[in-house]
Amino acid sequence: MRIDKEALLLEANAIEVAKYIGMKVEKRGANYFTLCPGHKKRIGREDLNLGNCVLYENGYNCRACDPDKVHDVFDMVQEFTGCSFP
């Protein structure tokens, strides 16, 4: 069975997925924040500041460890759970 990653990305909401898999999600004003799931991999230590990582509908951006990239929902799930994409 072939998985259509692009179709799943169009339907997945990163905020809802983050809540579903057990990530701490906090709404502040109009934005949603979480602890960066890829922080340790990128800079060698866990994220301790809930304000670093902004969740968007289609992914997340960590302003502290990778400010120029929005990671998609698949990246987020893989980094948080340690699983891989088939």
side-chain contact (heavy atoms from CB on, under 4.5 Å) partners for D68, two or more places apart: none
Shortest non-hydrogen contact from C65 toward C36: SG-SG, 3.7 Å
Partners passing side-chain contact (heavy atoms from CB on, under 4.5 Å) against E6 (at least two apart in sequence or in another chain): D4, L9
Pairs satisfying ring-ring contact (aromatic ring centres under 6.0 Å, His included), at least one member in residues 13-32, at least two apart: none
Verdict with supporting geometry, L10 and K5, side-chain contact (heavy atoms from CB on, under 4.5 Å): CA-CA 9 Å; L10 290 174; K5 185 177 179 180; over 6 Å; no
side-chain contact (heavy atoms from CB on, under 4.5 Å) partners of N13, counting only residues at least two apart: I15, E16, E57
4.5 Å side-chain heavy-atom contact, D72 and N58: no
All pairs passing ring-ring contact (aromatic ring centres under 6.0 Å, His included) where residues 51-76 contributes a residue, at least two apart: Y60-H71, F74-F85
Partner set under side-chain hydrogen bond (donor to acceptor under 3.5 Å, both in side chains) for N61, not counting sequence neighbours: none
Residues which pass side-chain contact (heavy atoms from CB on, under 4.5 Å) with L50, listed by chain and number, not counting sequence neighbours: K24, E26, R28, F33, L35
Exercise: identify the closest heavy-atom pair between L55 and A14: CD2-O, 4.4 Å
Salt bridge (charged side-chain N to carboxylate O under 4.0 Å, His left out) contacts touching residues 31-40 (sequence neighbours left out): none
Qualifying residues under salt bridge (charged side-chain N to carboxylate O under 4.0 Å, His left out), relative to K41, sequence neighbours excluded: E79
Stepwise side-chain contact (heavy atoms from CB on, under 4.5 Å) test for H39 and C62: CA-CA 8 Å; H39 214 73; C62 182; 3.5 Å; yes
